[in-house]
2 protein chains.
Amino acid sequence: MNLYNTTRVTTESHSYAITADCAIFGFSDDALRVLIVRRAVAPFAGHWCLPGGAMSDDETLEQTASRLLRELVNVEGIPIRQVGTYSSPKRHPVRRVVTTCFYALVRPEDHTPNAQKYLDDARWCKLDEVPQLGYDHSQLLADAYQALQQELQQSPLAFQLLPNTFTLKEAQEVYEAIIGEDLDRRNFRRKILAYDFLINTEEKKAGVKGGPELYRVDDTKLENHL
Amino acid sequence: MNLYNTTRVTTESHSYAITADCAIFGFSDDALRVLIVRRAVAPFAGHWCLPGGAMSDDETLEQTASRLLRELVNVEGIPIRQVGTYSSPKRHPVRRVVTTCFYALVRPEDHTPNAQKYLDDARWCKLDEVPQLGYDHSQLLADAYQALQQELQQSPLAFQLLPNTFTLKEAQEVYEAIIGEDLDRRNFRRKILAYDFLINTEEKKAGVKGGPELYRVDDTKLENHL
DNA sequence: TTTTTCTGTGTACATTTGACACAATACAAA
DNA sequence: TTTGTATTGTGTCAAATGTACACAGAAAAA
């Protein structure tokens, strides 16, 4: 019997690297932003990329992505979602790397990114100012953004990147930044309040004409719509 | 320098197997069905599973899934969609296997499945009669079915598993089988015809009371709604 | 032929969505 | 303080969409 029978290839292990890449979205300065990092080493030294890293032996891809969030922006407990898995044989110039892309929503003002390891910079970049990214990460980001937009149509997950208390105007601006078009102020109010997970704090925001009311989310009720 | 430096793990390749598993849906005998195969060898010998196989060096996961469709049910050119990637370290009893699940829609009457290689049986199983599957494939199937349902709400891709000509009644039955609830006959007609990709063949189906009209799809127009 | 069952067509109603008017509030200018 | 201005909270109206149902015609079954 031929121990090197090539027909048994399907039962053999290969030497593929498996990684997770993250499109971490945040909202600050009236713009939707995504966290990008600059590589300090080859391949793609000096190029901006989505943060990513190899899956280790004892963790799932979801745990890998969560670990990246913890290491990069010190965020824990944030829900992440799969965008897709990218497996083109030529997508990595050195060796075969299959990656799964995730996206997450965080509050950038709470978490300053810290470049580390093989990175020399990290920043929150406006979505319409993102440069060409290394590998196929421009494609990953485009797909992640589309998944985010689609998700927002069906579940109000955008409230996860608002501060503890906020006005409906601020919430609307987040929505508009994500879906990329303007909304009617009054229709937005009606739709959001119908969800019934917002609590009017009975306080008014100072320094703004009109005296807008401040709201906060009822987390338990928000879960129902997520 | 320590050649076995474990801190360089992120730049090393690991011996993970990467596979694609397919939930291939079809419609026959008034029921939505999925193709399942029985394994002849360990692990899970004798257990039913979703068909799957290892990604080879020169193909993407999508090409792996397409190859499986060709080998199993002799289908080509069918669009496939990613469901998700499953990476639990313990999901395979022997070694680490990361799999990406796909789903597809075919016409089962056109394609008799042929068990081969390490399989000893293959059949189109009614979705509500699927036994407990090997590995985590019951989970994969549940997720694929949910993705299919969600997709159908937004694009009329169910017409891909109807014969060349069909009555609106038959199309409705496919819809009902997928989404799992009954629809109003007249509202369904109005909604589907509004899409404007159906062509009335001006012929009537024989052997059925009422003399239902036969339709066929205008493939180019269907693309617009897909 | 008569009856039964299914099909094609139309209608009335409720709900959701989109567009817009008006008065009240609070900051800004005088 | 008074007045002006930009923004907010609330309400209305019409269009679009979704839901429920009635009735006549067609083809098989009796």
Taking the side chain of [X] as its heavy atoms from C-beta onward, which of [options] lies nearest to it?
X: A/R185; options: D/dT10, C/dG8, D/dT5; value: D/dT10
X: A/E213; options: D/dT7, D/dG9, C/dT4; value: D/dG9
X: B/N187; options: D/dT19, D/dG9, D/dA28; value: D/dT19
X: B/A206; options: D/dA28, C/dC27, C/dC20; value: D/dA28

**Report entry** Atom CZ of B/R81: over 12 foreign heavy atoms under 6.0 Å
**Finding:** yes

Rounded to the nearest Å, what distance is computed from the [atom1] atom of residue [X] to the [atom2] atom of nucleotide [N]?
X: B/N200; N: C/dG8; atom1: CG; atom2: P; answer: 8 Å
X: B/E173; N: C/dC6; atom1: CD; atom2: P; answer: 11 Å
X: B/K209; N: D/dA30; atom1: NZ; atom2: C1'; answer: 9 Å
X: B/L214; N: C/dG8; atom1: CG; atom2: C1'; answer: 14 Å
X: B/F188; N: D/dG18; atom1: CZ; atom2: C1'; answer: 15 Å
X: A/L183; N: C/dT17; atom1: CG; atom2: C1'; answer: 13 Å
X: B/E203; N: C/dT7; atom1: CD; atom2: P; answer: 18 Å
X: B/K191; N: D/dA16; atom1: NZ; atom2: C1'; answer: 15 Å

Query raised in the report: Under 3.5 Å, is there an N or O donor on one side and an acceptor on the other linking the side chain of A/R190 and the base of C/dG18?
Result: yes

Requested in this report: Could you walk me through whether A/Y175 and A/F188 pass ring pair (Phe, Tyr, Trp, His ring centres under 6.0 Å), step by step?
Outcome: CA-CA 9 Å; A/Y175 262 79; A/F188 177 79; 5.3 Å; yes

Under 4.0 Å from OP1 or OP2 of [N]: is there any side-chain N or O of [X] that close?
X: A/R186; N: D/dG9; value: no
X: B/R189; N: C/dT9; value: yes
X: A/K204; N: C/dA26; value: yes

Query - Matching residue for B/Q172 among B/K169, B/E176, B/E170 - test: side chain to side chain donor-acceptor pair (under 3.5 Å) - result: B/E176

Query raised in the report: Is the distance between the ring centroids of A/Y135 and A/Y86 less than 6.0 Å?
Result: no

Query raised in the report: B/K169 near the nucleic acid: base, sugar-phosphate alone, or nothing, with a heavy-atom cut-off under 4.0 Å?
Result: sugar-phosphate

Requested in this report: Indicate yes or no: does A/D184 engage A/R186 in a salt bridge with an N to O separation below 4.0 Å.
Outcome: yes

